[in-house]
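To start, the structure itself, in structure tokens.
So you know, we letter chains A, B, ... as the sequences are listed, proteins then strands, and number each from 1.
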Amino acid sequence: MRARGGEAVTGACFKGHAFADRENRVKVVMLACASVAILAILLIFLFIFRESLPSIRELGVKNLFFSTDWRPNVADPKAGHYGMLTFIWGTLLTTFGAMLISTPLGIGAAVFIDQVAPDSMARVVRRGIELLAGIPSVVIGWFGLILLVPAIARVTGTSGYGVAAASLVLVVMALPTITTLSAETLKSLPAELKEASVAMGATRWQTIYKVLLPSAREGLLIAVILGMGRAIGETMAVQMVIGNARAFAVSPFARTSTLTTRIVTDTGEASGIFRSALFAQALVLLLIAMVLIILIRVISRKREAA
Amino acid sequence: MLLSVGCGGRPETADDSIRGEVKVAGSTTVLPIAQEAAVEFMEANKRTEVEVQGGGSSAGITQLKEEVIDIANSSRELQPGENDGTIVDHKIAFDIIAIIVNPDLKITNLSRKQVKAIFTGKMTNWKEFGGPDREIVVVIRDQASGTREVFDKIALGSTSDKPVWCVPSAIESASNGVIREIVGATPTAIGYVSYGYVNKTIRAVELDGVSPTIENAAEGRYTMARFLHMFTQGEAEGPTRSYIDLVLSDEFQEEVVGQEYIEVKKVKRQ
Amino acid sequence: MKGSRADKAATVVFWALGLVTIALLAFIIIEILARGFLTAINPKFFLGKPEAIKAGGGIFPMIISSLYLAALTILISLPIAIGAAIYMAEYAKKGRLNNFIRFCLDSLATLPSIVFGLFGLALFVIYFRWSYCLLAGAFTLAILNLPILLRSTEEAIKLVPNTYREASMCLGASRWTTIRQVVIPTALPGIMTSTILPIGRIMGESAAIVYTTGLFIRNIPISPFDTAAPLAGYIWYAQSEALVPDYRQIVNGGAALLLIIVFAIYFLARWAGNRYQQTKLLGPKMK
Amino acid sequence: MPEEALENKMVIKDLSMYYTDFKAIEDVTFDVPARRITALIGPSGCGKSTLVRCLNRMNDLIEGVRVEGEVVLDSENVYQQGFDTIGLRRRVGMVFQRPNPFPKSIYENVAYGPKLVGIKDKEELDFIVEDSLKKAALWHEVKTILRESGQNLSGGQQQRLCIARVIAVQPEVILFDEPCSAIDPVATQLIEDLMAELKENFTMVIVTHNMQQAARVSDFTAFMLVQEQGQPGRLIEYGDTNTMFTNPSDERTERYITGRFG
């Protein structure tokens, strides 16, 4: 027995270098898999930028990004005008409208889940929020189109399509993100925090308002920013209810477009510089997303430091 | 990427001699005709596959030039920039563009001037036409639409040098069907569709007292009308040729095209 | 007492906010199912061939497209996700590279799906000349889903008790042997479970696929290079083009069916997750 | 046990270990005699588990760990450049605090190690599995359920399975890291008996916080202690177990084994 064991050991020793070699090869393969994420982001940047370059070069930054003059020409793309400011504004406006509702609603629901609701009820709401997050955007868009738009039309006497309908649809998209992340943040707060406050004679509301929400500030902010990211990026649901006009929206019931809806509506028929201008809109979306990501990184670093 | 691998057979030859794939895309106005023809064609020629998609006239022409498809359906003429001399035009029908409003609006006739004022946003309230005190909701087609181009040209006086644009708040729709839907569902809406899409959910209004009918258009009284086209890259060959021949056949023109459009040969003006 | 009155009011408000979310969900589900459920479960509809312009079309090729697309996407992204997750969980050391990979993953997770769609159009459809096809959509969605899949796979791997790794190493196994023989088999049920949820997301995705897979087909796609029309994309197409007279019914039915599919996948994932948790995560059973 | 001259299987010389900047153990020196049981005792946190993991370089797996000094196995320093750690761990096996059978069958658990060195022959594997389980005093309990999951066994059985798993690779040294802390007294008794039997073939090191256990099973004992919070663990006393428990030379050892702290 001993001899065999000895043999085995020498075998293993002999194979030591082969092992090390294989180990390194495997590690390189795994690293390559992980690097797909880097590669993907670089490729996305590269291709979106490459495709938008002709329009930037041809039209100039001012006419492309800071003009509201959107008069594309499908047959002769060079003859068109491709200012996207109207749609950047549309994106900001619809997102702002959505955040106005979904922020208090989402954080409120998170407080409800974490602090107020009995366990069984909290579970129901949590599952409900997860289901809400799973509803495909075309389904929410269709819901908006057949119910929200006519309702808004009836109440306001407008066509029903427009910023308000888009914002309401976006509330449904952003709400799960904000609620889930806020609830996680609240849950991660140390229990002593609440106990200390209650021990000092604070009521539940005072504890939530004066202790819990302020201590969770950074986490809640991140939740809202990620919710915002969802709202800015949402495409189909908004496209179905916003009215697809090229007017610069000034009223909540104005029909307009967002960056995403313009892209999805026009890409199928655009070519040349027209298509390039749509890629430039995607580039703006990409940059907005990057800004949000960096913002979140800064905030979470601040939170860790604190 | 010409996918048609036909062997140059004519439609009269035996079934099996025509085989291959025909890809068709473009105008949604032409789509019903193209689709119906595809069904008949595939029934007659079992070894063929015709794939018809929408997308709009311009998209079709672009795809044809990129050789992604074999036939581009179009509801407008080729623009000067688009024709490099290799594209062949097959006129397959004549079509009317009807201006439609929601039936709730008590409006039956509009002058050409009024139409222009409404669609360009100079007049924005139905009050000015004796209607309710409500915003006019203008519904138009997307940029790739041939119908839109013809409408802009004839109704608004748009030219390629001096384009006239519809009011910015106009809702852009991807097809005739959607315009009809929105106009039908919105009490204050006005739009335009190909004649084939007119039905009871909306009302087609008269233009300068002339109603949009096949007779009026065929005889030149109703002027907002245009040919519908199938474009091919070079002369059509193989199954593509046979397919277009079927569309142009007297039988098909009479039974299908004649239902909602005007047969090509009946049109007096060019 | 003033404090207690405010407290009571706040409690009422929070209950209201919590219930609003549930009501919203219930409202959407009821409205969508009420309109489309009967159509959705009609075999003529879900097993039928779609019509381009006539009434009475079905959506069978669309369902097949969705399933095919989901399968391809998982096939492409799962090996990469597992490899990357192994790297992140087993090999990666804290440092710049690790940080940068995380940053890229976060960025991928935050980019709007329409940006992925345009990227897929530019790279796969146009640059690679694949034209609109399942594979173009699958690659696009594989990238879109990488962060989620990687995170859940990584979590499943991290749940494997560290003492398993130590025991294996102490028996003379190399790191890779340990991963292959012990870590992956132990984490596999967890990895499989965490793959279910992204399938739901793939089935519901539309913005990323309209310009990669295609929007309308009449025949079932066979090859990965065939044009396809996943259900979610087709629903959007059907309502935005309204070419068929009965498009409302088709969209109602399609939306209801999609909702049912996505929810079924969600509950399947939950069920599998619970089962997995009960059998594996409680660790070795003690008698 | 027949008297024989003591030879040292392992020699630990001036061993220090750091977690990044923190020094966990300092200048530990002692011998591990062949075919004897050496116990490492001390209050929790004194670094005894950390030390035992230095003996087969398990600490290499933790990021930021650095080791100074020598661990000599059969006259070779295991920390020398290019030393084959995989071979080392095969020669110096380990049994852990909590039983950790893989989520595989009992058979596969034991056959895992032999398979790693390429033993594929079914009969040979069968023999090794049976032999190892017998040596671990588990064979009669599991011989009919070899294909069932090792995790379905009781805690004590699982720990013996882990011992069988180690025996199957024919190590020279077996390290026990508090092997009985998670199992009941009856099972503990079984394992202690087992260790006494294994002494014939294996050199063993056992980490334990249970002084009675150290007194019962070990031949030599090393006592470790952290003087003050934040300081590294140091070896206070090393010697023959009997001597140490009856007549410790260091006052701190005496205080510990008489239960005054720890």
So how far is it from [X] [atom1] to [Y] [atom2], rounded to the nearest 0.5 Å?
{"X": "B:Ile140", "Y": "A:Asn244", "atom1": "CD1", "atom2": "CG", "value": "10.5 Å"}
{"X": "A:Tyr161", "Y": "B:Ile182", "atom1": "OH", "atom2": "CD1", "value": "4.0 Å"}
{"X": "B:Gln79", "Y": "A:Asn73", "atom1": "CD", "atom2": "CG", "value": "6.0 Å"}

(request) Write down the atom of A:Ala245, the atom of B:Pro168, and the distance for their closest heavy-atom approach. (result) CB-O, 3.2 Å
(request) Determine the option with the most heavy-atom pairs under 4.5 angstrom with chain A, choosing from B:Thr62, B:Val167, B:Asp142. (result) B:Asp142
(request) Specify which of B:Arg76, B:Gln63, B:Glu135 makes the most heavy-atom pairs with chain A at under 4.5 Å. (result) B:Glu135
(request) Name the region of A:Ser271, side chain, backbone, both or neither, that has any atom closer than 4.5 Å to a heavy atom of chain B. (result) side chain
(request) Pick one of side chain, backbone, both or neither for A:Phe248, based on which atoms fall under 4.5 Å of a heavy atom in chain B. (result) neither
(request) Could you tell me which portion of B:Thr188 (side chain, backbone, both or neither) has an atom closer than 4.5 angstrom to a non-hydrogen atom of chain A? (result) neither
(message) Please classify the contact between B:Ala170 and chain A as side chain, backbone, both or neither, with a heavy-atom cut-off of under 4.5 Å.
(response) backbone
(message) Can you tell whether the side chains of A:Arg255 and B:Glu172 come within less than 4.0 Å, N to carboxylate O?
(response) no
(request) For residues 189-203 of chain B, pull every pair meeting side chain to side chain donor-acceptor pair (under 3.5 Å), keeping only residues two or more places apart or in separate chains. (result) B:Asp95-B:Ser194, B:Asn199-B:Thr201
(request) Please indicate whether B:Lys65 has more than 12 foreign heavy atoms, meaning atoms of other residues, nucleotides or ligands, lying under 6.0 Å from its NZ. (result) yes
(request) Please list, in residue-number order, every residue in residues 51-72 of chain A that has a heavy atom less than 4.5 Å from any heavy atom of chain B; write 'none' if there are none. (result) A:Trp70, A:Arg71, A:Pro72
